[in-house]
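To start, the structure itself, in structure tokens.
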Amino acid sequence: MDISHIISSLNEPQRLAVTSEADRLLVLAGAGSGKTRVLVHRIAWLIQAENHSPFEILAVTFTNKAAAEMRYRIEDLLNIPVSGMWVGTFHGLAHRLLRTHWQDAKLPQSFQILDSDDQLRLIKRIMKEQGIDDARIPPKQVQWYINHCKDEGRRADHIEEFDMIAKWQLQIYHSYEDACQRGGMVDFAELLLRAHELWLHNPKLLKHYQERFRHILVDEFQDTNTIQNAWLQLLTTGTTNKMTIVGDDDQSIYGWRGARIEHIQEFDRDFPNADIIRLEQNYRSTGVILAAANSVIRKNESRLGKELWTEASDGDLITVYAAFNELDEARFVAEQIQNWVDDGNSRSEVAILYRSNAQSRVMEEALLRCSIPYRIYGGLRFFDRAEIKNAMSYLRLVEYRNDDTAFERVVNVPPRGIGNRTVEKVREVARDEGSSLWSAAMKVAEEKLLPARAANAIKDFVALINLLDESTQGLALSEQAEHVIESSTLLAHHKNEKGEKGQTRVENLKELVSACQQFGSEVELEGDQSLLSAFVDHAVLESGEGQADEFEDSVQLMTLHSAKGLEFPTVFMVGVEQGLFPSRMSIESLDKIEEERRLCYVGITRAMKHLTICYAESRRLYGKETLNRPSQFLREIPKETMQEVRVNTSVVRPTTFTAGGTNESSVTEHDGVFYEIGQQVRHSTFGEGYILNCEGSGPRARIEVNFDLEGNKWLMAQYAKLEIL
DNA sequence: CTCTACGAATTTTTT
DNA sequence: ATTCGTAGAG
């Protein structure tokens with residue numbers, strides 16, 4: 001068989017990676033160096049050159065989108081379907097394992113997946129039951145605590161807490177685990193934890209999978225959390241199977257949600273005898289853009305080290321625009337895009353990247369004014385919308401009456417006179433009987449445990465669900481959905497809503513019906529799972545894209561985080577200001593600043609040809625006017641790669657990031673002590689704080705410090721006697 | 001029970 | 001500014 005097409009188009013390191021026979025291979029793939037390409041070609045190579053069956057291959061990604069794309073590209077390259085191959089997200093694969101081995105995993109066959117919204121509701125309910133003040137301990141924080149524990153592989157039983165708050169959180173974690181086990185509910189982190197325990201406690205089962213998967217490939221390895229890494233280790237240690245991991249420590253931007261950059265940095269410790277191949281040739285950006293990216297990321301202390309290079313020319317300089325305020329910034333960007341489009345380019349080649357979602361509004365307004373179509377990534381996704389979740393809950397109840405999560409959600413949606421008091425009674429009965437809310441509701445209605453009005457309301461609800469079930473027997477999924485949405489009066493309820501909101505919701509509900517239709521025609525059912533329950537799982541695990549309209553030629557707006565993995569000929573990075581990017585939440589710790597810096601690196605490397613960086617001197621955020629300095633990252637970009645554009649020359653600014661006038665820098669020195677922005681310091685009177693800015697050096701060095709208690713102050717380094725922490 | 005009014009909080013996102 | 005959740009009145 002001719003296999004040359006698999007490797008002929010690759011460069012040397014790529015080819016080495018694709019054809020490597022190492023047991024443990026780490027491919028350190030810089031931005032734009034052909035990471036996915038290597039993964040796809042390696043799998044194709046394994047199948048065609050090494051005659052592996054797709055059945056023996058496991059490929060893990062982080063998003064469903066990446067998984068779908070990978071499968072598509074492999075099939076496209078090989079020109080054959082590879083259906084026996086397991087390709088999916090950690091969560092998707094874990095789910096598959098649990099559905100197959102539900103008994104060994106000690107789960108009911110009908111276990112339901114909780115999304116984070118359901119999870120939060122459950123936590124709130126538990127806290128209320130236990131009389132824990134949710135002002136003192138915010139449920140969100142408890143949710144974070146529980147998920148963090150699970151991400152680290154810790155069950156409530158294994159933990160001991162000493163701190164008062166932590167003790168309460170642990171207690172809630174305990175009750176939460178009980179509630180989940182009783183109700184057959186599994187949250188996202190639990191999928192991973194259970195799948196890990198499934199293998200850990202069933203050596204036979206583990207052996208089966210170890211022998212099946214001869215090759216394991218993991219994408220975006222820098223984003224793995226502890227439990228995911230442990231799962232991979234279980235699968236590979238002491239075996240002869242081979243593992244390839246691909247990632248880039250410089251693009252690790254999810255530390256805040258449990259990802260451990262150490263996993264990739266210390267890969268050879270966890271997985272001994274690893275080969276490392278670096279992909280440093282970049283095929284995406286111009287020399288100037290890469291110079292800027294390299295220069296920024298070099299500031300990070302802890303990294304495996306990589307330097308991107310390109311055969312492409314230097315290209316245009318990076319444009320820097322110092323806006324007067326956020327409106328001026330947005331206006332400038334819109335204007336530039338208008339010019340770009342007038343020059344005959346398409347809008348979809350342009351992306352506007354920002355640090356926080358709150359920044360999108362001003363940009364949208366400016367684009368709207370110029371009649372430039374745009375599309376926002378992120379935001380609420382389809383299956384996360386309230387109206388969709390409500391409709392899904394009706395479907396879930398019709399399928400499976402004991403689904404408490406669904407019951408809680410829609411007993412009184414639309415309002416049918418079942419208030420808190422009534423639901424409380426139902427919960428109480430359910431608790432006493434150890435039954436589901438549904439059975440409790442029937443009991444309450446029949447035995448008249450409540451005032452007639454409430455009991456009747458409950459009775460009507462029970463009757464409604466039963467009726468929906470009877471009348472949809474034998475119907476196709478989409479017809480079933482249509483009927484349920486209509487007869488539950490959800491549709492009418494949303495139609496009556498005032499304003500445009502109701503209209504959108506009605507449209508979304510219609511969209512749900514066609515989603516059912518599509519799902520029914522595409523999915524292949526495994527085992528004896530019903531189509532409806534497969535659809536329910538699908539809805540939770542893949543909540544879908546945020547926005548439609550992807551076909552119109554439009555400018556792309558998104559956060560820096562969601563831009564990872566994408567590329568655009570023209571990129572605008574806006575709001576590059578100290579306190580916004582890096583976020584003020586990150587400024588005090590070096591680790592967090594390094595993550596923000598990686599985010600900056602990700603942002604810069606999204607640009608293929610043109611990069612424009614903007615910052616505003618004054619910005620209205622959360623209804624307050626704030627004065628921000630240019631981001632420290634701006635100073636880390638070589639001056640010779642930038643050109644400053646000034647439209648509004650009349651604005652006089654006391655400080656700029658360039659050398660004119662003052663001489664600020666990110667570091668200064670006095671008496672042999674070096675001060676750097678972001679460092680934590682202590683002052684004898686003002687207490688602790690962190691350095692915001694430096695100016696001058698030697699005896700004239702001045703340092704601006706943000707003190708925890710006293711706010712911002714400029715100090716002379718000579719007299720301040722700052723102690724570096 | 002439902003609706004309206006007022007007050008607090010507000011990085012980043014996937015599964 | 002805006003959204004979300006809770007408290008108090010209808």
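Lettering follows sequence order; numbering is per chain, from 1. Worth knowing before you read on, the calculation uses all heavy atoms, side chains too, and leaves out hydrogens, waters and symmetry mates.
Between A:Trp199 and A:Tyr209, the distance from one ring center to the other falls under 6.0 angstrom. A:Phe633 has its ring centre no less than 6.0 Å from the ring centre of A:Tyr615.
Side-chain contact check for A:Glu594 and A:Ser302: at least one donor-acceptor pair (N or O, by modelled atom type) lies under 3.5 Å.
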Going 5' to 3' through nucleotides 8-15 of chain B and flagging B where a protein heavy-atom sits under 4.0 Å of the base, S where only the sugar-phosphate is that close, and - otherwise, we get --BBBBBB
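Here A:Arg620 lies out of heavy-atom contact (under 4.0 Å) with every strand. Residue-level contact check: A:Arg453 touches neither bases nor backbone, having no heavy atom under 4.0 Å from any strand. Residue contacts for A:Asn420: at a heavy-atom cut-off of 4.0 Å it reaches the sugar-phosphate backbone alone, with no base atom in range. Within 4.0 Å (heavy atoms only), A:Arg598 reaches no atom of the nucleic acid at all.
Taking the C1' atom of each, B:dT12 and C:dG5 are spaced 23 Å apart, rounded to whole Å. Atom name P, nucleotides B:dT13 and C:dC4: the rounded distance is 16 Å, in whole Å.
A distance-only check finds a donor-acceptor pair linking the side chain of A:Glu326 to the backbone of A:Arg620 [under 3.5 Å].
The distance from atom CD of A:Glu326 to atom C1' of C:dA1 is 11 Å, rounded to the nearest whole Å. Here the P atom of nucleotide B:dT2 and the NE2 atom of A:His493 are 10 Å apart, to the nearest Å.
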For residues 423-430 of chain A, run the donor-acceptor check on the side chains, cut-off 3.5 Å, and write out each pair with its distance to 0.1 Å, sequence neighbours left out.
residue: A:Glu424; atom: OE1; partner: A:Arg427; partner atom: NH1; Å: 3.1
residue: A:Arg427; atom: NE; partner: A:Glu408; partner atom: OE2; Å: 2.9
residue: A:Arg427; atom: NH2; partner: A:Glu408; partner atom: OE1; Å: 3.0

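Checked against side-chain contact (heavy atoms from CB on, under 4.5 Å), A:Asp115 has the following partners two or more places apart in sequence or in another chain: A:Asp117, A:Asp118, A:Phe188, A:Asp384, A:Lys389, A:Val540.
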